Number of protein chains: 2
Amino acid sequence: MIENMPDTSTAHEVLAVVFQVRQLSSRNPQLSVLLWERAMDPQRGAWSLPGGRLRHDEDLTTSVRRQLAEKVDLRELLHLEQLAVFSDPHRVPGPRTIASTFLGLVPSPATPELPPDTRWHPVAELPPMAFDHGPMITNAHARLIAKLSYTNIGFALAPREFAVSTLKDVYDAALGYQVDATNLQRVLARRGVITPTGTTAKSGRSGGRPAALFRFTEARYRVTDEFAALRPPT
Amino acid sequence: MIENMPDTSTAHEVLAVVFQVRQLSSRNPQLSVLLWERAMDPQRGAWSLPGGRLRHDEDLTTSVRRQLAEKVDLRELLHLEQLAVFSDPHRVPGPRTIASTFLGLVPSPATPELPPDTRWHPVAELPPMAFDHGPMITNAHARLIAKLSYTNIGFALAPREFAVSTLKDVYDAALGYQVDATNLQRVLARRGVITPTGTTAKSGRSGGRPAALFRFTEARYRVTDEFAALRPPT
DNA sequence: ACAAAAGTGTTGCAGGTACACCCATGC
DNA sequence: GCATGGGTGTACCTGCAACACTTTTGT
C-alpha cells in the first residue's frame, strides 16, 4: 500500500472565462474574452485567463470574485457559474495544479478599467493561448450558447435598458449567427423574460421609427424553458 | 503580502453519484444510488458517496474509475460525467478537502458484487447522509432528469434490449413522474435514439400481445435536441 | 415624398400530448 | 369468448421561423 505516501503538493487554481459583447472600431459588436499577456516564462508572450491560486480559507466562487476584483478591478460581473475542472497532471509545468474554470458575464456598456497587460480579445480571433486555456474558452462559449436559448442569461450581457435591435446585436455576437429581431422579441416576451419599460429611444441619425425600450424582467439567472421533451404532466 | 505563505495542505477528493434503476421487492422500480456506511468517525453510521483521494499522477476521471473499480468492484459504468465542485473550506472536518463530484450510470439488469458495507438506496428514501453528500445527490439527480429529455443518456440506464414498457419504467423511475409509453416510443424513435431489433418478447403470464424489442441506436452519449429556441438558420 | 428603422400580422411547420381505437396473445 | 397488455392513427395544441406588410420617424 502506498496510499499514505506523502502527498506531493497539489495546487488548485481558479480561472475565469469572462465574456462581454464589445463594439470595436466600426465593425459589428464582437463577443470578447478578457485575457492578460504573460510577461515571464513559462509561455512568455502567450495570453492567459485571469485567475490564480485558491486560498485555503475561501471557496471557489469567493476566490474568482476576489481575483477578478484584485487583479483586474472587475466588479460588474452579473453572472458567474462553475464550469469544468481541468485535471491533467501535466497540464502546466511545475507542481501539479488543478484548474476549476468559471464563466463570467459583464453587461455590454460597462467598461471597467484594466491594467496595462490586460485586454479584451474577440473570441473569433484569439491570440496564442497559454497552456490549456484555449479549450477552456471553447467550453465556456459552448455553454453560453446553449444557455442563451433556454435561460434568461442574456440579462448579464445586455444593457439594463435596450431596444430590441440592440439586443439582437448582443445575441448575434454571443451566438455567432444572426437571429431574427422579430422572433427574438416574441420568444423572450412570451416567456416573460423581457418587459417593455414604456419609454422609447430617440430615432437614429438617419430617421426611422423610434424603438420601444425593454429590460430583462429578472436580474437573476433563471431557467425559462426547462424541458425540450418528456414534460411532466400538466 | 502573504501570497507566498506555505500552502497548508489542501486535499482533493472525487465522489461519484452512481445511479441505477432497481427493482425492489414487488414495488415499482426505483432510481437508486450507491452508498457505503461509515464504520468510523467522523460521522460514523452515516452514509457516504463512494470515492476518495485523488492521486498525484491521475486526472479526475481516471481517479473515479479506479476508485469505483477498487473499492466497489463496479465496472459496468456506461456513463460518467463531471458535475459540480464542492469547495467550502469547512465542508468536512480535518484538513481542507475539495470534492469534485461525478454522475455515473449503471444499466438496469447488471448487479455488480458489492462489499458488505455498501448498498443501493432509493433516492426517494435516503438514509442519513454524511457531510454534504445529500446535496450532491440532489444535484446529480437534477442533471440526470434534464439530460433524459434532450440527450440519449437513457442508454446507460436501460437494458441492452427492452420492450417500450420496460423503458417506460426506467424513465418513470429516473424522472420521478409517469411518462406515456406511446409518446416515449415516438419521441425517441423520431430522433433515431432507439431502433427496433425486429425480435419480440414473449408475452407475460397474464396474456397480452408480445412486445417488440428495441435497443438504443448508439451506445455513446449524444445530444439529440440541442436548441429549444433561437436555432441557427437552416 | 422618400428612405430608414421598428413593429405587427399571417402562414406554415415541427414536435409533443392525449386519447381513442385496433392487434395479438393467454386463459 | 374475454381480459390483458402492446401498437397505431389521429386530432389538437404550442412554440418557433420566415416573411410580407404597416407604422413612425428624419431629411
Side-chain angles (χ1 to χ4, degrees), chain A residues 28 148-152 154 161-172 175 177-214 223-234, chain B residues 28 148-152 154 161-172 175 177-214 223-234:
Chain A
N28 287 337
L148 278 171
S149 91
Y150 68 90
T151 74
N152 70 344
E161 297 199 348
F162 49 84
V164 173
S165 58
T166 308
L167 189 62
K168 168 197 156 53
D169 289 341
V170 171
Y171 273 72
D172 284 355
L175 291 171
Y177 56 83
Q178 305 266 111
V179 296
D180 182 296
T182 298
N183 293 330
L184 180 65
Q185 207 270 30
R186 272 202 272 248
V187 168
L188 297 182
R190 179 173 36 220
R191 293 179 179 172
V193 171
I194 59 175
T195 318
T197 64
T199 58
T200 72
K202 294 200 168 58
S203 48
R205 46 223 161 280
S206 55
R209 176 170 170 174
L213 291 179
F214 291 79
V223 174
T224 59
D225 207 42
E226 193 152 11
F227 298 97
L230 310 177
R231 300 188 188 78
T234 47
Chain B
N28 287 336
L148 278 172
S149 91
Y150 67 91
T151 74
N152 69 344
E161 297 200 349
F162 47 84
V164 173
S165 59
T166 308
L167 189 62
K168 168 197 156 55
D169 289 341
V170 172
Y171 273 73
D172 285 354
L175 292 171
Y177 56 82
Q178 306 266 111
V179 296
D180 183 296
T182 298
N183 294 328
L184 180 65
Q185 206 270 30
R186 271 203 273 249
V187 168
L188 297 182
R190 180 172 34 218
R191 292 179 181 172
V193 171
I194 60 174
T195 318
T197 64
T199 58
T200 72
K202 294 201 167 59
S203 47
R205 47 221 159 281
S206 56
R209 176 172 170 174
L213 292 180
F214 291 79
V223 174
T224 59
D225 208 41
E226 192 152 11
F227 297 97
L230 310 176
R231 299 189 189 76
T234 48

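Just so you know, these numbers come straight off a predicted model, no measurement behind them. Within every chain, numbering begins at 1; the chains are lettered A, B, ... in the order of the sequence lines, protein sequences first and strands thereafter.
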- Mind checking the NZ-CG spacing from K168(B) to L184(B)? Nearest 0.5 Å is all I need. 8.5 Å
- Give the rounded distance in Å between these two atoms: CG of L230(B) and P of dG15(D). 14 Å
- Message: Tell me the interatomic distance from L184(A), atom CG, to dG15(D), atom P, rounded to whole angstroms.
- Response: 17 Å
- Using heavy atoms to find the nearest nucleotide of DNA chain D for F214(B) and A229(B) separately, return the residue whose nucleotide is more 5′. F214(B)
- Query: Is the phosphate of dA6(C), meaning OP1 or OP2, less than 4.0 Å from a side-chain N or O of S165(A)?
  - Reply: yes
- Message: In this structure, how many angstroms lie between the C1' atom of dT8(D) and the CZ atom of R190(B), rounded?
- Response: 14 Å
- Task: Just say parallel, tilted or perpendicular for the rings of Y177(A) and F227(B), cut-offs at 30° and 60°.
- Result: perpendicular
- Task: Mind checking the CG-CZ spacing from N183(A) to R231(B)? Nearest 0.5 Å is all I need.
- Result: 11.0 Å
- Task: Looking at every strand, decide which applies to A212(B) at a 4.0 Å heavy-atom threshold: base, sugar-phosphate, or nothing.
- Result: sugar-phosphate
- Item | Toward the 5' end of DNA chain C, by each residue's nearest nucleotide, N183(B) or R231(B) | R231(B)
- Taking the side chain of D225(B) as its heavy atoms from C-beta onward, which of dG16(C), dT24(D), dG7(D) lies nearest to it? dG16(C)
- Query: dG15(D) P sits how many Å from F227(A) CZ, rounded?
  - Reply: 15 Å
- Item | Given DNA chain D, 5'-ward residue of the pair A211(B) and D180(A), judged by closest heavy atom | A211(B)
- Message: Tell me the interatomic distance from Q185(A), atom CD, to dA5(C), atom C1', rounded to whole angstroms.
- Response: 15 Å
- Item | Nearest-0.5 Å distance, CG of residue L213(B) to OG1 of residue T195(B) | 12.5 Å
- Message: What is the distance, to the nearest angstrom, from the OH atom on Y177(B) to the P atom on dA18(C)?
- Response: 11 Å
- Message: Among dT25(D), dA24(C), dA6(C), which nucleotide has an atom closest to any side-chain atom of P210(A)?
- Response: dT25(D)
- Task: Would you kindly check whether a donor in the side chain of R186(B) faces an acceptor in the base of dG7(D), or vice versa, at under 3.5 angstrom?
- Result: no
- Query: How far does OH of Y171(A) sit from CG of D180(A), to the nearest 0.5 angstrom?
  - Reply: 14.0 Å
- Message: Side chain of T182(B), heavy atoms from C-beta onward: which of dT8(C), dC19(C), dT17(C) has the nearest atom to it?
- Response: dC19(C)
- Separation of atom CZ in R209(A) from atom P in dT24(D), rounded to whole Å: 6 Å
Between N or O atoms, less than 3.5 Å apart, protein on one side and nucleotides 11-13 of chain C on the other: list the pairs.
none

- Could you check how far CD1 of I194(B) sits from P of dG6(D), rounded to whole Å? 14 Å
- Looking at OG1 of T151(B) and CD of E226(B), how far apart are the two atoms once the value is rounded to the nearest 0.5 Å? 11.5 Å
- Measure the CG-CD1 distance between L188(A) and I194(A) for me, rounded to the nearest 0.5 Å. 5.0 Å
